[in-house]
Amino acid sequence: MTLVVKIGGARAVNPAGALTDIAHLVLNDEDVVVVHGGSTAVDDLLDDLDIEPDYVESPSGMTGRFTDAETMDAFTMAMAGVNTDLVAALQDTGVPAVGVSGVDGALLTGPRKSMVKVVEDGKKKIRRGDHSGKITDVNTDLLDTLLDEYVPVVSLPMLAEAGVPVNADADRAAAAVAGALDADLVVLTDVAGVYADPDDPGTLVDTVESPEGLDAVEEYAEGFMSKKVLAATEALDGGAASVTIADANANDPIVSALSGRGTHFTPGALGGETDA
C-alpha cells in the first residue's frame, strides 16, 4: 500500500519528525509520496516584496488565498524554495527524494477558476482575476515511475488550461494524489486532529467511520480545519484507503498516526465499507 504524507506549511509545523519517519518507512520498503504546503513561506515572501496577503472567505465559510498575478509569481517562487528544502532534508537522511511540481509532467491538472465567489462585509460578491484551480486529474503514471526509485515530493502549482500554472489548496492536492493512488493519507498539521471543542484537548475525535460521524466533524471543524475535513472526504471519495489528520510535532508523527493517533477517517464515513 502506498502512503501519501501531507506536510503542512504553517510556521507552527516542524517537519523534522515527519522526515525521520519517512526515512524509516522507506528503509522498510514502503512507497511514500510527500505533498507539502507553504503558506508561511508565501506570506513571508509577500511581506518581503511589500505585497499584502489577500485572504477571502467563501460562501461556505472557508478561508483561502486570493491569488492575483503578482501573488501568483511570489507563490511559485516560495513553493519551489520549500520543495527544495524538503528534498535536501530528505536526501540528508538517506532518502532518494525528487521534487516535482504539479506542472511537471502535467502531474496535477484541472480547470482554472478565474473568478471566485466571496463574502465581504456580509455580502456575496464575485472577484475576478484569481489564479487558482481545482485538481481533477493526477498523472499516476509519472508517480508510479518515480516510486520505483524515489520518494516524490510534490508541490503546487497545478497546471490549468493553455499551460497556465495556478494555485490550489495543498490539503486537497494531497487528497487528489491519495485518491488516485488508492493510498492511505496522513495529513500533518499543528494540532492533534479534529476537536469537538477546539479549546478542550479532551474532545479529540478519534475515528470518523459513519456519515453521522462525518456530519459531526464537519460541524466541529472551523477555519483551516474545515479544508482538512473536506480534503479527507475528497480523498476517500476518490479511492483513498484511509485518512488521518494528526500532529506534525508529535513524537514519530507518521508512525503514531498510522498506529491510531489523531483523527482517523474510514470509507464508512461516506457510507461505504468500513475497515476490516
Side-chain angles (χ1 to χ4, degrees), residues 2-9 32-39 41-42 55-56 58 60 62-68 71-72 75-76 78-80 82-83 86 98-117 129-147 151-189 224-243 245 265 270:
T2 300
L3 174 66
V4 176
V5 178
K6 193 273 178 168
I7 299 177
V32 180
V33 177
V34 178
V35 180
H36 67 83
S39 57
V42 175
Y55 287 93
V56 294
S58 72
S60 62
M62 293 188 185
T63 300
R65 184 190 302 277
F66 185 84
T67 312
D68 60 16
T71 301
M72 186 65 212
F75 174 85
T76 302
M79 293 298 283
V82 174
N83 191 269
L86 287 175
V98 59
V100 289
S101 79
V103 174
D104 296 322
L107 176 58
L108 305 174
T109 57
R112 176 184 172 183
K113 299 183 291 183
S114 59
M115 58 181 183
V116 292
K117 295 179 181 179
D130 192 32
H131 289 67
S132 68
K134 180 179 180 180
I135 297 166
T136 55
D137 293 287
V138 176
N139 184 350
T140 54
D141 288 343
L142 175 58
L143 290 176
D144 288 339
T145 298
L146 292 174
L147 282 167
V151 170
V153 181
V154 179
S155 170
L156 295 163
M158 60 169 280
L159 186 66
E161 306 91 345
V164 178
V166 295
N167 189 4
D169 179 72
D171 290 314
R172 298 175 76 180
V177 171
L181 294 175
D182 299 330
D184 291 301
L185 171 61
V186 173
V187 178
L188 295 176
T189 183
F224 75 95
M225 188 56 73
S226 297
K227 278 195 177 177
K228 297 185 188 303
V229 172
L230 174 61
T233 63
E234 290 181 345
L236 293 173
D237 189 50
S242 70
V243 180
I245 300 174
F265 296 75
L270 303 185

**Complete:** CE of M72 to CZ of R65, rounded to nearest 0.5 Å, is 11.0 Å

**Prompt:** Taking atom CG of L143 and atom OG1 of T2, what is their separation to the nearest 0.5 Å?
**Reply:** 9.0 Å

**D141 CG to L107 CG distance, which is reported to the nearest 0.5 Å** = 11.0 Å

**Asked** Minimum heavy-atom separation for G105 to N139, with atom names?
**Response** O-ND2, 2.8 Å

**Message:** Rounded to the nearest 0.5 Å, what separates atom NZ in K227 from atom OG in S58?
**Reply:** 7.5 Å

**Item:** Closest non-hydrogen atom pair between A241 and D184, with its separation
**Value:** CB-OD1, 3.4 Å

**Request:** Dump the intermediate steps for side-chain contact (heavy atoms from CB on, under 4.5 Å) on V5 and V33, then the final yes or no.
**Result:** CA-CA 6 Å; V5 178; V33 177; over 6 Å; no

**Fill in**
Here the side chain to side chain donor-acceptor pair (under 3.5 Å) pairs for residues 167-182, sequence neighbours left out, are K6-D171, T67-N167, D171-K228, R172-E234

**Message:** Measuring from atom OG1 of T189 to atom CD1 of I7, what distance do you get when rounded to the nearest 0.5 angstrom?
**Reply:** 12.0 Å

**Asked** Of all heavy-atom pairs between P152 and L146, which one has the smallest distance, and what is that distance?
**Response** CG-CB, 3.9 Å

**Message:** For a 4.5 angstrom cut-off between non-hydrogen side-chain atoms, does V116 reach F66?
**Reply:** yes

**Any donor-acceptor pair under 3.5 Å from D104 side chain to S101 backbone** = yes

**Prompt:** Do you know the tightest heavy-atom contact between V243 and A235?
**Reply:** CG2-CB, 3.8 Å

**Fill in**
Shortest non-hydrogen pair, V82 vs G38, comes out as CG2-CA, 4.5 Å

**Prompt:** Please walk me through it: do V177 and L185 pass side-chain contact (heavy atoms from CB on, under 4.5 Å)?
**Reply:** CA-CA 9 Å; V177 171; L185 171 61; over 6 Å; no

**Request:** Considering non-hydrogen atoms only, spot the tightest contact between A183 and V4 and give its length.
**Result:** CB-CG2, 3.9 Å

**Prompt:** What pairs with T233 under side chain to side chain contact (heavy atoms under 4.5 Å, CB included), at least two apart in sequence or on another chain?
**Reply:** L214, E218, L230, L270

**Message:** Let me confirm one number: the CE-CG distance from M158 to D137, rounded to the nearest 0.5 Å.
**Reply:** 9.0 Å

**Message:** Taking NZ in K134 as the centre, count heavy atoms belonging to other residues, nucleotides or ligands within less than 6.0 Å. Is the count above 12?
**Reply:** no

